[in-house]
Amino acid sequence: MLNQGQSLKHLNTFALPVYATQVISVNSVSALIATWNEARIIDQAILLLGEGSNVLFIEDFSGILLLNRIKGISYTEDNSAWYLHVGAGENWHYLVCYTLQHCINGLENLALIPGCVGAAPIQNIGAYGVELQNVCQYIDLLDLNNGTSQRLMVEDCKFGYRDSIFKHSYKESFVIIAVGIKLIKAWIPTLSHSDLNQLDPSTITAKEIFNKVCAIRRRKIPDPTITGNAGSFFKNPIVSRKKVMEILKKYPKAPYYIQPNHCIKLAAGWLIENCALKGYRVGGAAVHQQQAAVLVNINNAVSQDILNLARHVYKQVATKFAIYLEPEVNFIAANGKINPSECVK
Ligand SMILES: Cc1cc2nc3c(=O)[nH]c(=O)nc-3n(C[C@H](O)[C@H](O)[C@H](O)COP(=O)(O)OP(=O)(O)OC[C@H]3O[C@@H](n4cnc5c(N)ncnc54)[C@H](O)[C@@H]3O)c2cc1C
């Protein structure tokens, strides 16, 4: 069923007043392929979308927006682990709740992250010390051009901080149709995050961690159903030790996180806050008052407001710290995805 010139206001969590030529929701591989073939015949661009919680439409999309709603959760187990096979259109938080209800631990730190399971590998979602790559076993991909599918094992996905092979090497014709997740039975709680490290690892349960994470997130992160946003707009920059020493000399309390490769991650929110940008407004867009890494639609913002605000933030941080923030959010223009870093410079 095709809808002409459809509003995307409820299909992007920024709640921006943008449109696509058509929006089509599909719940099977055959429907994905049929829609793709139809689009080729009428020469229309196609863009895959999950729940629109990690996108900035910088203008109307001139083409078909394809909502991947392939559902299904199944699992098997052996002595050491549970193995879940999850349809890309399942809601991520629903999956976290489903596993806990089935006494399967391991996803609790990733509670309340908005979006679909199929989008989770794109930026290797992460929160509270756990990333998708820690639990992912494989990704099933469909090439819409020829209808063939392939399975990429976790070690081939090139997962990194908010990064994966899917951001770089796969074009519009590739769709994630399912995600395989392996959760080991010898569960060890992940309490490394500063908000969790006072919990007792010998007594804590996965359900308690889930509750704690949900409570913190509800307190700290603006609810996109009330205030439009896409979570952290910028990635936490990874910088050299020398750069961190420079910053610590001037700001001894600056938060930093040592990475396995000896590089150091700084907090984008802290850098933005230190440019006195909390609450800073451009049109209907603003830097969130509590979480400076989050840009919000506070009053009927349009795409240009968010874009201009992002450019201002980028410039201020670059001028003050000589650190060049990279957007975490995917930017969509009239013909499809564009390079967000080029846009905010
Ligand atoms: C309030 C809030 C809090 C957030 N907190 C976090 C957090 O803690 N950690 C974190 O990592 N992220 C966070 N995010 C970002 C977001 O939740 C994740 O990036 C999520 O995985 C996006 O899912 P989605 O279905 O909304 O993807 P969309 O925004 O719909 O799509 C994102 C990108 O993936 C592509 N895509 C989507 N589905 C497919 C598919 N099946 N196949 C191929 N490409 C596809 C789209 O084309 C687009 O480029 C937050 C966002 C919000 C609004």
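Order of listing sets the numbers, starting from 1, for every ligand and every atom in it. By convention here, the first residue in the shown sequence is residue 1.
- For ligand 1, one of its N or O atoms has an N or O atom of Leu48 under 3.5 Å away.
- For ligand 1, one of its N or O atoms has an N or O atom of Asn54 under 3.5 Å away.
- Residue Thr13 has no nitrogen or oxygen atom sitting less than 3.5 Å from a nitrogen or oxygen atom of ligand 1, judged on distance alone.
- Between Lys337 and ligand 1, a contact under 3.5 Å exists for at least one N or O pair.
- Residue contacts with ligand 1: Gly126 is placed with a nitrogen or oxygen under 3.5 Å of a nitrogen or oxygen of the ligand (distance criterion only).
- Annotation: cation-pi pair Lys265/Tyr161 present, NZ/CZ under 6.0 Å from the ring centroid and within 45° of its normal.
- Only the side chain of Ile221 comes within 4.0 Å of ligand 1, counting heavy atoms alone; its backbone N, CA, C and O stay farther away.
- Counting only N and O atoms by type, the side chains of Asn91 and Glu51 include a donor and acceptor under 3.5 Å apart.
- For the pair Lys185 and Trp82, the distance from NZ or CZ to the six-membered ring centre is under 6.0 Å and the angle to the ring normal is within 45 degrees.
- Close approach to Leu49 involves these atoms of ligand 1, each under 4.0 Å from a residue heavy atom: 30 (O).
- Looking only at atom types and distance, the side chain of Asn109 has no donor-acceptor partner in the side chain of His193 under 3.5 Å away.
- Of the heavy atoms in Ile176, both backbone and side-chain atoms come closer than 4.0 Å to ligand 1.
- Residue contacts with ligand 1 for Asn68 involve side-chain atoms from C-beta outward but no N, CA, C or O (heavy atoms, distance under 4.0 Å).
- A distance of 10.0 Å separates OG1 in Thr35 from CD in Gln22, rounded to the nearest 0.5 Å.
- At least one heavy atom of Arg162 sits under 4.0 Å from some atom of ligand 1.
- Using modelled atom types and a 3.5 Å distance limit, the side chains of Asp78 and Tyr83 yield a donor-acceptor pair.
- In this structure, the side chain of Thr227 does not engage the main chain of Asp223 through any donor-acceptor pair within 3.5 Å.
- Between Cys116 and ligand 1, a contact under 3.5 Å exists for at least one N or O pair.
- Protein heavy atom in closest approach to atom 32 (C) of ligand 1: Asn330 ND2, 3.7 Å.
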